[in-house]
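Written below as C-alpha cells is the structure these notes are about.
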Amino acid sequence: FARGGGDEGSLKMSGTEQTAPANASETRFARGPRLICGLAVLLLCAVGLAVGLAVGLSRGSGSDEVERLDVAVIGGGMGGVYTAWRLTSSGAFSSDQVKMFERTDYIGGRLLSPRIGCEGGSSADDNQLPRAELGGMRIRAEDHIIQGVVSELGIPVGPFHMNHDTWPDAGKDAPDSPVWCRGFMAERQQYKALWAAGGGLRSSGTQTAVNSNAEAQAAPVWTGVLPFVLNETSPITGVTTVGDDPDVLLGGEFASRRLSEPVPCDSAAWIAKLEETGGGFGPEQRLRKWQQSTWDDFYHGKFSPEADDLEQCLSGYYNERNGMSLGQPETIDSDKYMRPLKGMQSVPLAIHEAFSGVGGETQMNAQLLRVERDGREDYPFTLTFGDTFTSPCSGITTLTGGQFVVKARRVVLGLTKTALEKVGFDERLADGRRSSRIQSTVDSLLIHVGGWKYAKVFAAFNSRFWESLPGFNFTVGRMTTSSALNNIFAWYPGTQQDASLTPASCGGSGDPRGVLQIYATHDVELSLGGGPYASELERCGETPADQCGSCMDPADWVGDLTHHVSWSFWGRLKAQIEVLFRPSDGPAPDIPDPTQIMARLWIPNDRLTQTYACHYWRSGVKWWELYVEALEPAPGLHFVGDTFAFNSGWSEAALETAEYMLQEAMGLGRPAWLTKDDYCRAMPYYGPPRRNA
C-alpha cells in the first residue's frame with residue numbers, strides 16, 4: 001500500500017520529455033441511476049441520447065431488460081481494471097462481453113493521486129507536479145508484473161527518493177536523516193551507532209559511551225542519551241540485544257522472514273521452506289513457519305521489548321507485530337523504488353483507458369449487493385447492484401435505494417475484505433434447493449485474512465520549515481518517529497525528485513514552497529480519527545461541488561471544501577508536529593498553517609474509505625492452498641486484488657492475483673511482456689502445476 005513495482009534494467013526513468021497516455025488522468029464516466037456510456041459513444045451521449053446507446057447494452061432507469069455478460073468484473077481498483085484489460089486485450093473476449101462495475105465515482109481504488117500545492121502552468125509541467133499519494137505511493141524495482149504494464153502502456157516513471165542520491169542509489173534511508181524516538185532527535189546513523197555500541201540507558205540509569213566501534217567513531221558526535229534500555233533482557237528468552245548488528249535487525253520490517261531464493265518456478269522447494277520448524281523459543285521451535293505469526297517471531301527470541309520499540313521507531317512501521325503468517329515471507333529486499341510521475345493512480349487510469357479504448361464499458365456508482373449462482377442456467381450468475389451517489393463535497397459514497405440486476409457467465413470480484421463482507425452469496429443446486437455453500441466458503445476465506453490500518457496526510461506550505469532543523473539535511477527522504485506520525489516525507493516544491501526539476505511555473509528551484517507527506521501506521525483512529533464535523537459532511541448529500549459552502553461552513557475547513565479536511569484536524573496534526581520539531585533547548589518552532597491538506601484514513605469504519613489499507617494472511621493456515629481456492633471458490637466465481645494475495649502491502653499484489661487467476665483459472669496465455677521466471681517470482685508458492693511455466 002505504501003509502496004508499490006518495476007525493473008531498473010528495462011524500465012526507463014522518465015523526465016518531462018516523456019508523457020503518459022493521452023488523457024490518462026482525465027478519463028470521465030457517465031453516471032446516474034442507469035446511464036452507461038462507453039468511450040466509443042461519448043459524443044452521442046453528449047447530445048442527449050441517454051437511452052439505447054452503449055457498447056454492449058444501454059439501459060434507462062425504467063428498463064426491465066436484464067443485461068447479460070460473459071464476464072462481469074466488480075471493482076475499479078488495480079485488480080479489477082487489470083483483469084478487464086487483459087481479458088479484452090488478449091483476445092479471449094470481445095469488448096462487448098466484458099463489463100466493469102465500480103461503487104464510487106473514480107477509478108483507482110486505494111491508489112489516489114490528486115495534485116497538491118503548485119498546479120503548474122501547462123501540460124508540460126504534469127510530470128513534475130506534486131501528487132498527494134493518498135494510498136499506495138511507490139513501486140519496487142523487482143515488481144515485474146506492474147513493471148511490464150508500465151512499460152507496455154508508456155507510463156512515465158522516476159525515482160522515489162529516500163535520500164539525496166541519484167537513481168539507482170536513491171532507495172535507502174539517508175544516514176543523516178532525522179529520527180525522533182521518545183523525545184530525542186538525532187541522525188539515523190547516530191541512533192544505529194549507539195545501538196551497535198550498546199549505548200543505551202542501563203537499568204541503573206547510566207549510559208555507555210560511544211567509542212567501541214568504527215561506525216560510532218565516524219558518526220557525528222551526539223551528546224544525547226539513547227532513550228532505550230538496551231541491556232534489558234527478553235522476559236521469554238533471557239537474551240539481551242546489546243551489541244547486536246543494527247543493520248541486521250533493521251533490514252526491513254520483515255527482515256527475519258526473508259528466505260533464500262530457490263529456482264523461481266520450483267514451487268515444491270519454496271513450499272518446503274514454509275514447512276520448516278524452529279526459529280522460535282520453547283514450544284515455538286516445534287512449529288512450522290506457517291503456524292507462527294510475526295508477533296511470535298519478534299517476541300519469542302528476536303528482541304527484548306526495549307530493542308523492539310527502538311527497531312519500530314527506526315523502521316517507521318508499527319504494524320509489524322500482529323497475526324500475519326510468518327509463512328508469508330517477504331522475498332524481496334528492495335532498496336530501489338520508483339514512482340509514476342503523474343502518481344500511482346496513473347497506472348490504473350492508463351490501464352482503464354486501454355480497456356475503454358477498445359470499447360470496454362465501465363458503470364460507475366454501482367455497488368454489488370448480492371451474488372446468486374444457478375448452475376442450471378446459461379448465465380449462472382445473477383448479480384444485484386445498488387445505485388450509489390458520491391458526494392462531491394464530502395467524497396462519501398452512499399446507496400440511493402435504486403437497484404438493478406445483471407446476468408453473467410463468470411464473475412470476477414476485485415474487492416477488499418470489508419467490501420466482500422457486505423456482499424451476500426447464494427446458490428441454487430441442481431435439484432433446485434438453495435445452498436449456503438458459496439457463502440460458507442467466502443466466510444472461511446475471509447476469516448483467515450487480516451488488515452492494516454493506515455492514514456495518509458499531505459499538507460502544502462508556503463515555506464519549507466522542516467529544512468530549518470538545526471544540524472539536519474532534511475530536504476528529501478523521510479523522518480521516522482515513535483509518535484503517532486511514524487513517517488514524514490519531505491517534498492520539494494513541485495516535485496518529489498529534485499529541487500532542480502521544480503517547474504518554472506511553480507517558481508523553479510528557488511521557490512520556498514513545499515509539501516509534507518505524513519504517514520501514520522499505528523493508533524490511526526486514536527490520533528487522527530473522528531472530528532467535530534462528521535454530521536456536517538453527512539448532510540452535504542447531493543450538493544454540487546460549487547455549492548459545498550451551503551452544507552459546510554468555509555470557516556471550519558482548510559482550503560478547498562471538496563478536500564474536506566477541517567481546521568480541527570489540522571490543529572491536532574500541528575500539535576504533534578510542534579512536538580517533533582521542538583529543539584531540545586528552545587521554544588516550539590513556528591509551524592505555519594498549510595494552504596492545502598488532503599487526507600485518507602484507511603480503516604473499515606471510516607465513511608469515506610470503508611476499508612483497510614491492505615491485507616495479509618493470518619498465521620495457522622496453509623495460506624498458499626487457500627490462495628488457490630480464492631482464485632475460483634465456486635465454478636465461474638473469482639477473487640482478485642490484494643485481499644488474498646502474496647505480495648501484501650504493494651500494488652503488485654493486485655496484479656499478481658489477477659494474473660494467476662487469468663492464467664490458471666481462466667486459461668489465458670502469459671502476456672509477451674512477462675517472462676516465465678518473473679511470473680513464478682510473483683507468487684513462488686503456487687502449488688499446482690502452472691499452465692504456462
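Everything numeric here is computed off the predicted structure, so don't read it as measured data. Just so you know, residue 1 is the first one in the sequence shown, and it goes up from there.
- In this structure a side-chain-to-backbone donor-acceptor pair under 3.5 Å is missing from Glu652 to Ala682.
- Between Val442 and Phe639, some side-chain heavy-atom pair lies under the 4.5 Å cut-off.
- Within the 3.5 Å criterion, the main-chain N or O of Phe355 finds no donor-acceptor partner in the side chain of Thr88.
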task: Evaluate the salt bridge (Lys or Arg N to Asp or Glu O under 4.0 Å) criterion for residues Arg131 and Asp126: first the C-alpha distance (whole Å), next the side-chain angles of each, then the deciding distance (0.1 Å), finally the verdict.
output: CA-CA 10 Å; Arg131 302 277 174 169; Asp126 242 10; 3.8 Å; yes

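- The number of heavy atoms from other shown groups lying within 6.0 Å of CZ (Arg437) does not exceed 12.
- A distance-only check finds no donor-acceptor pair linking the side chain of Arg188 to the backbone of Thr480 [under 3.5 Å].
- Between the Lys289 side chain and the Leu326 main chain, no donor and acceptor come within less than 3.5 Å of each other.
- Phe425 places a side-chain heavy atom less than 4.5 Å from the side chain of Leu637.
- Side chain of Trp85 to main chain of Ala354: no donor-acceptor pair is present (N/O by atom type, distance under 3.5 Å, no hydrogens or angles).
- Looking at heavy atoms from C-beta onward, Ser89 lies out of side-chain contact with Val358 at the 4.5 angstrom threshold.
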Practice task
Report the C-alpha distance between Thr83 and Met666 in whole Å, list the side-chain angles of each, state the deciding distance to 0.1 Å, and finish with yes or no for side-chain contact (heavy atoms from CB on, under 4.5 Å).
Solution key: CA-CA 11 Å; Thr83 298; Met666 294 188 70; 5.8 Å; no

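- Summarising the geometry of Leu341 relative to Asn127, their closest heavy-atom pair is CB-O, 3.3 Å, with the distance given to 0.1 Å.
- The backbone N or O of Val71 sits nowhere less than 3.5 Å from a side-chain atom of Arg410 that would complete a donor-acceptor pair.
- Judged by distance alone, with hydrogens and angles left aside, the side-chain atoms of Arg339 form no donor-acceptor pair with the main-chain N or O of Met137 at under 3.5 Å.
- For Asp173, the side chain to side chain donor-acceptor pair (under 3.5 Å) criterion is met by Arg478, not counting sequence neighbours.
- Side-chain contact between Leu383 and Phe101: absent, with no pair of heavy atoms (C-beta onward) separated by less than 4.5 Å.
- Closest approach of Pro671 to Gln663, counting heavy atoms only: CD-NE2, 4.1 Å.
- For residues 661-676, the set of pairs meeting the salt bridge (Lys or Arg N to Asp or Glu O under 4.0 Å) definition, not counting sequence neighbours, is empty.
- Between Trp623 and His448, the closest side-chain pair of non-hydrogen atoms is not below 4.5 Å.
- Within the structure, every pair that satisfies the salt bridge (Lys or Arg N to Asp or Glu O under 4.0 Å) test and touches residues 77-94, not counting sequence neighbours, is listed here: Arg86-Glu659.
- With sequence neighbours excluded, no residue forms a side chain to side chain donor-acceptor pair (under 3.5 Å) with Ser619.
- A donor-acceptor pair under 3.5 Å is absent between the side-chain atoms of Gln312 and the main chain of Gly316, judged by distance alone.
- Here CD1 of Ile271 is found 6.5 Å from CH2 of Trp624. Values are rounded to the nearest 0.5 Å.
- Among Phe489, Trp602, Tyr454, the single residue meeting the ring pair (Phe, Tyr, Trp, His ring centres under 6.0 Å) criterion with Tyr519 is Tyr454.
- Here Ser267 pairs with Arg690 under the side chain to side chain donor-acceptor pair (under 3.5 Å) rule; sequence neighbours left out.
- Applying the ring-ring contact (aromatic ring centres under 6.0 Å, His included) criterion to His522, with sequence neighbours excluded, gives Tyr318.
- For Glu133, the side chain to side chain donor-acceptor pair (under 3.5 Å) criterion is met by Ser113, not counting sequence neighbours.
- The backbone N or O of Gly641 lies less than 3.5 Å from a partner atom in the side chain of Thr657, making a donor-acceptor pair.
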Practice item. Could you walk me through whether Met338 and Val150 pass side-chain contact (heavy atoms from CB on, under 4.5 Å), step by step? Key: CA-CA 11 Å; Met338 52 190 91; Val150 164; over 6 Å; no

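- Comment: Asp143 does not engage Arg681 in a salt bridge, judged by the lack of any side-chain N to carboxylate O separation of less than 4.0 angstrom.
- A distance-only check finds no donor-acceptor pair linking the side chain of His144 to the backbone of Gly148 [under 3.5 Å].
- Under the side-chain contact (heavy atoms from CB on, under 4.5 Å) criterion, Pro175 pairs with Gln189, not counting sequence neighbours.
- For residues 145-161, no pair satisfies salt bridge (Lys or Arg N to Asp or Glu O under 4.0 Å), with sequence neighbours left out.
- Of all non-hydrogen atoms in Ala170 and Asn163, the two that sit nearest each other are CA-OD1, 3.2 Å.
- A disulfide bond (SG atoms under 2.5 Å apart) check over residues 649-693, counting only residues at least two apart or in different chains, returns the pairs Cys265-Cys680.
- Among all heavy-atom pairs drawn from Gly76 and Val81, the shortest one is O-CG1, 3.8 Å.
- Taking all atoms of both residues into account, the shortest heavy-atom contact from Ser648 to His615 is OG-O, 3.0 Å.
- In this structure, the separation between CG on Leu655 and CG on Leu674 is 10.5 Å, given to the nearest 0.5 Å.
- Considering CZ of Arg110 and SG of Cys614, their distance stands at 7.0 Å, rounded to 0.5 Å.
- Rounding to the nearest 0.5 angstrom, the gap separating the OG atom in Ser346 from the CD1 atom in Ile351 is 9.5 Å.
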Open item on the list: Please evaluate residues Gln97 and Leu87 with respect to the criterion side-chain contact (heavy atoms from CB on, under 4.5 Å), reporting the C-alpha separation (whole Å), side-chain torsions for both, the decisive distance (0.1 Å), and the verdict.
Closed with: CA-CA 10 Å; Gln97 295 174 311; Leu87 287 172; over 6 Å; no

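- A salt bridge links Glu275 and Arg288; the closest N-O separation between the charged side-chain nitrogens and carboxylate oxygens is under 4.0 Å.
- Heavy-atom minimum distance, Val149 versus Val347: CG1-CG1, 4.4 Å.
- Side-chain atoms of Pro635 and Arg373, non-hydrogen and from C-beta on, do get closer than 4.5 Å to each other.
- Between the CG atom of Asp642 and the CG atom of Leu415 there is a distance of 11.5 Å, given to the nearest 0.5 Å.
- Expressed to the nearest 0.5 Å, how far CD1 of Ile74 lies from CZ of Arg103 amounts to 13.5 Å.
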Problem set entry | side chain to side chain donor-acceptor pair (under 3.5 Å) between Tyr627 and Gln328, intermediate numbers included | CA-CA 11 Å; Tyr627 182 102; Gln328 188 186 351; over 6 Å; no

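- Side-chain contact between Leu626 and Lys622: absent, with no pair of heavy atoms (C-beta onward) separated by less than 4.5 Å.
- Scanning for salt bridge (Lys or Arg N to Asp or Glu O under 4.0 Å) contacts around Asp70 gives Arg409, with sequence neighbours left out.
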Is there a side-chain contact (heavy atoms from CB on, under 4.5 Å) between Val449 and Trp617 once you walk through the steps? CA-CA 5 Å; Val449 171; Trp617 289 103; 4.1 Å; yes

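- In this view, Tyr686 and Tyr660 satisfy the ring-ring contact (aromatic ring centres under 6.0 Å, His included) rule, not counting sequence neighbours.
- The aromatic ring centres of Phe646 and Tyr685 sit less than 6.0 Å apart.
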